[in-house]
Visitor: 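If you scroll down you'll find the structure; I have some questions about it.
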Amino acid sequence: MTRVLVLNGPNLQRLGSRQPDVYGTTTLGDVAAGLAAAAPDGFEVELRQTDDEATLIGWLHEAADTASPVILNPAAFTHYSYALHDAVLIVTETGLPLIEVHISNPQARDEFRHVSVVSPVATGVIAGLGTDGYGLALEWIVRRAGRAR
Ligand code: DQA
């Protein structure tokens with residue numbers, strides 16, 4: 001069984017009511033349910049959210065230690081957390097895939113959102129496709145696992 005960790009950073013528990021014009025009305029619970037339904041045999045999805053940088057870093061260490069692929073929405077940490085950059089590299093340097101997901105397209109928003117310190121060490125990035133980005137990331141992780149077999 002491959003466990004995919006879907007990790008979400010600060011303020012994302014407010015999804016559904018936070019800036020619906022930017023992030024839509026889908027809640028994080030809806031995202032979790034959609035991913036659970038979409039996970040094929042042999043895959044399980046565990047979605048978590050925290051506002052705490054240290055907790056997020058601990059979960060990335062756990063992903064590396066348990067060989068769990070990661071879907072990560074680092075939220076605002078994306079733009080300035082070098083500690084998160086280093087923790088993401090700990091995951092990807094093991095060869096595990098880590099997909100950075102953004103619901104909105106940060107490039108089309110405030111200038112401070114144009115920089116991601118995570119992207120250079122992520123396997124890939126999906127941005128601007130709404131919460132569909134999570135499902136697309138899972139689809140690719142499953143496809144890649146099939147190729148690796
Ligand atoms: C976000 C984009 C970030 O700039 C922002 O701080 C978020 C959400 C997104 O999913 O579009 O909290 O990561």
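Remember, it's 1-based here, ligands and their atoms both numbered in the order they're listed.
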Visitor: Is any side-chain heavy atom of Leu7 less than 4.5 Å from a side-chain heavy atom of Val70?
Guide: yes

Visitor: Any side-chain heavy-atom pair from Thr2 and Pro69 closer than 4.5 angstrom?
Guide: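 Of all side-chain heavy-atom pairs linking Pro69 with Thr2, at least one is under 4.5 Å.
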
Visitor: Side chains of Asn8 and Tyr134 only: does a donor on one sit below 3.5 Å from an acceptor on the other?
Guide: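 The answer is yes; a qualifying pair exists.
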
Visitor: Is the closest side-chain donor-acceptor distance between Ser116 and Glu100 under 3.5 Å?
Guide: yes

Visitor: Strictly by modelled atom types, are Asn73 and Gln49 linked by a side-chain donor-acceptor pair under 3.5 Å?
Guide: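 Gln49 and Asn73 do not have a side-chain donor-acceptor pair below 3.5 Å.
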
Visitor: Roughly how far apart are Ile57 CD1 and Phe77 CZ, rounded to 0.5 Å?
Guide: 8.0 Å

Visitor: List below, pair by pair, the N or O atoms of ligand 1 and of the protein that are less than 3.5 Å apart, including the distance to 0.1 Å; reply 'none' if no pair qualifies.
Guide:
from	atom 1	to	atom 2	distance (Å)
ligand 1	4 (O)	His79	NE2	2.7
ligand 1	4 (O)	Arg113	NH1	2.9
ligand 1	6 (O)	Ala76	N	3.2
ligand 1	6 (O)	Arg113	NH1	3.0
ligand 1	10 (O)	Asn73	ND2	2.8
ligand 1	10 (O)	Ile103	N	2.8
ligand 1	11 (O)	Ile103	N	3.2
ligand 1	11 (O)	Ser104	N	2.8
ligand 1	11 (O)	Ser104	OG	2.6
ligand 1	12 (O)	Arg18	NH1	3.1
ligand 1	12 (O)	Arg18	NH2	3.0
ligand 1	13 (O)	Asn73	OD1	2.8
ligand 1	13 (O)	His102	ND1	2.8

